[in-house]
Amino acid sequence: MTVQNISTGMIINGKTVEAADKEVFEVLNPANNQIVGVVPNGGKEDAEKAVNAAHGAFPAWKRKTAGERSALIQKWHDLLLDRKEEMAKILVAEAGKTINDARGEVDYAASFLSWFAEEGKRVYGETIPASTTDKRILVINEPIGVVGVITPWNFPAASITKKIGAALAVGCPVVIKPSEYTPIAALKLAELAIEAGIPKGVVNVVMGRANEIGEVFLQDPRIKMISFTGSTKVGKILMRGAADTVTKLSLELGGNAPAIVFDDADLDRAVESVMATKFRNSGQTCVCANRIFVQESIADQFLEKMIDQVSKLKVGTSEDPDADLGPLINEDAYAKIQKHIQDAVSKGATLEYGGDRIEEYENGYFVTPCIISGVNEEMEVWNEETFGPLAPIITFKDEEEAVERANNTPYGLASYAFTENLSRAVRLYEKLDTGIVGINDGLPAAAQAPFGGRKESGIGLEGGHYGLEEFLETKYVSIKLHE
Ligand code: ADP
């Protein structure tokens with residue numbers, strides 16, 4: 001799929017610029033390894049320029065009324081939807097999405113802009129009764145300042161809007177460092193922001209040497225917060241680095257989501273939801289079910305239905321409008337699936353379906369969606385997120401065992417449970433140790449709801465009014481009166 005009119009420079013202070021040292025790198029299409037675009041390979045100097053621009057833009061952006069900022073973000077939202085096909089083609093080309101997944105992501109990305117455009121008008125303060133008659137206690141909320149935003153490749157547009165929609169709405173300028181696999185979507189978003197009238201310097205984009213740019217975000221005192229989505233490994237690097245400058249962090253890290261199907265579930269609906277949470281975006285989301293627990297009494301039935309559904313999934317390129325799954329992002333992603341299958345099978349699991357590389361697309365990373373059964377705690381697939389279309393099935397006897405094993409992971413982002421028993425549903429959402437619980441719902445994410453993980457899955461929240469609060473600092477004002 002060809003992408004036209006793509007921007008190929010970084011965006012600093014409203015201008016499209018090359019890297020200080022003029023270096024570039026190629027962005028490749030994971031479906032065919034062809035070049036999608038050539039973009040600057042930036043580093044420290046470029047990040048510093050972007051921080052200068054954002055810092056310069058802060059006072060005027062902060063001074064605008066919430067209504068003025070809201071109108072600009074809403075305009076940006078409208079432009080994004082006007083250019084939906086253009087953006088979807090970028091997501092197809094650089095992230096390998098199917099055209100349906102890509103269009104879905106544009107809608108999802110836009111939903112954060114409209115939500116935060118509205119919610120930004122509702123940043124309230126508080127007055128608190130004082131202990132003496134001559135005092136007044138006020139609590140006000142202020143934008144934290146310039147935010148460094150680091151995002152991954154699996155949602156190249158939505159992972160940005162869910163952060164910067166909120167940051168911008170409350171008055172914070174941003175410097176975005178998108179994934180090197182998918183920088184073009186970020187550039188397009190920033191171009192649209194500028195076209196919408198968002199002042200120069202409020203949205204900046206730099207990309208290239210991630211560790212150098214990350215260092216600037218960590219060390220420059222003008223960066224007040226880093227909002228990161230990516231691996232737990234890099235999240236920990238940022239946490240260590242943030243200690244020196246006590247920089248605030250918001251971290252959306254890896255997951256290892258359990259989906260638990262009980263024998264009292266509506267089985268067909270449960271299968272449909274497990275399919276949606278497992279295979280959305282070709283299994284490349286941090287909330288994808290990574291361990292599917294099925295009660296023993298229905299295990300055979302469930303497996304049969306899953307195999308039937310998975311065998312109907314169509315893998316293909318974006319040229320095929322009916323494709324359910326596209327390519328994986330790169331060779332490493334393909335290798336990880338193979339490793340998880342081989343490791344599990346060598347420890348006693350059974351490969352029930354799929355897992356082959358589709359040779360027809362020799363230059364892309366296409367794999368048939370796969371199912372393995374007989375999975376347990378000893379296997380890599382239990383302990384690590386596969387981030388691909390591999391469904392590992394685990395059987396359990398009773399609720400207590402299911403909950404205990406589901407929680408047996410250092411991660412705590414999302415979990416799913418399928419049951420028609422209300423009391424059981426309540427017990428489950430109370431006991432599952434994750435930031436998000438879907439009860440009979442495989443796709444819980446929504447702009448108005450909080451999204452965030454526990455344990456090693458992260459710190460902080462995105463979405464809803466919670467997402468706004470991340471970018472605010474509370475100030476307590478005490479006034480003593482002359483009586
Ligand atoms: P993923 O596996 O989803 O690509 P990563 O955590 O590797 O997850 O990458 C997420 C984002 O973090 C990307 O934009 C990447 O360039 C960036 N990144 C990687 N290493 C660092 C680092 N040392 N400092 C700052 N950002 C980094």
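If you read the sequence from its start, that first residue is 1, and numbering goes on from there. A quick note: this is a predicted structure, and the numbers were derived from the prediction, not measured. First listed ligand is number 1; within each ligand, the first listed atom is number 1.
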Subject >> Electrostatic pair Glu85-Lys89, nearest N-O below 4.0 angstrom >> reply: no
Original post:
Is atom 1 (P) of ligand 1 less than 4.0 angstrom from at least one protein heavy atom?
Top reply: yes
**OP:** Please could you name the atoms of ligand 1 that Glu180 approaches to less than 4.0 Å, counting only its heavy atoms?
**Re:** 16 (O)
Subject >> Side chains of Val149 and Val175 in contact at under 4.5 Å (non-hydrogen atoms) >> reply: no
**OP:** With heavy atoms of Ile150 as the reference, note each atom of ligand 1 found under 4.0 Å away.
**Re:** 11 (C), 12 (O), 14 (O), 17 (C), 25 (C), 26 (N)
**OP:** Give the atoms of ligand 1, by number and element, whose distance to some non-hydrogen atom of Ala210 is under 4.0 Å.
**Re:** 16 (O), 18 (N), 19 (C), 21 (C), 24 (N), 25 (C), 26 (N), 27 (C)
Original post:
So do the side chains of Ile176 and Ile164 get within less than 4.5 Å of each other, counting heavy atoms only?
Top reply: yes
Original post:
When you look for heavy atoms under 4.0 Å from ligand 1, do you find them on the side chain of Phe387, its backbone, both, or neither?
Top reply: neither
Original post:
Any N/O of Asn211 closer than 3.5 Å to an N/O of ligand 1?
Top reply: no
**OP:** Decide, yes or no, whether a salt bridge links Glu195 with Lys75 under the criterion of side-chain N to carboxylate O below 4.0 Å.
**Re:** no
Original post:
With distance as the sole criterion, is a donor-acceptor pair present between the side chains of Asn154 and Thr285 under 3.5 Å?
Top reply: no
**OP:** Give me the ring orientation class for Tyr416 and Phe418: parallel if the planes are under 30° apart, tilted from 30 to 60°, perpendicular past 60°.
**Re:** parallel
Original post:
Atoms of ligand 1 less than 4.0 Å from Pro152 heavy atoms?
Top reply: 3 (O)
Original post:
Is the cationic atom of Arg357 (NZ for Lys, CZ for Arg) positioned less than 6.0 Å from the six-membered ring centroid of Phe366 and within 45 degrees of its normal?
Top reply: no
Original post:
Are Asn363 and Asn32 linked by a side-chain donor-acceptor pair shorter than 3.5 Å?
Top reply: no
**OP:** With heavy atoms of Thr151 as the reference, note each atom of ligand 1 found under 4.0 Å away.
**Re:** 11 (C), 13 (C), 14 (O)
Original post:
How are the rings of Tyr181 and Trp153 set relative to one another: parallel (under 30°), tilted (30 to 60°) or perpendicular (over 60°)?
Top reply: perpendicular
Original post:
Does Phe217 approach ligand 1 within less than 4.0 angstrom via side chain, backbone, both or neither, non-hydrogen atoms only?
Top reply: neither
**OP:** Using a strict 4.0 Å cut-off to heavy atoms of Pro178, name the atoms of ligand 1 that fall inside it.
**Re:** 14 (O)
**OP:** Return yes or no for this condition: an N or O of Thr229 is under 3.5 Å from an N or O of ligand 1.
**Re:** no
Subject >> Per atom 6 (O) of ligand 1, closest listed option by heavy atom (Ser231, Ser179, Ala186) >> reply: Ser231
Subject >> Check: Lys347 and Trp382 side chains under 4.5 Å, non-hydrogen atoms >> reply: no
Original post:
Which part of Asn154 is near ligand 1, with near meaning a heavy atom under 4.0 Å away: side chain, backbone, both or neither?
Top reply: neither
Subject >> Enumerated ligand 1 atoms positioned under 4.0 Å from heavy atoms of Trp153 >> reply: 1 (P), 3 (O), 4 (O)
**OP:** Looking only at protein heavy atoms, identify the closest one to atom 21 (C) of ligand 1 and say how far it is in Å.
**Re:** Val234 CG1, 3.5 Å
Original post:
If you count the atoms of ligand 1 from 1 in the order shown, which ones are under 4.0 Å from a heavy atom of Lys177?
Top reply: 13 (C), 14 (O), 15 (C), 16 (O), 17 (C)
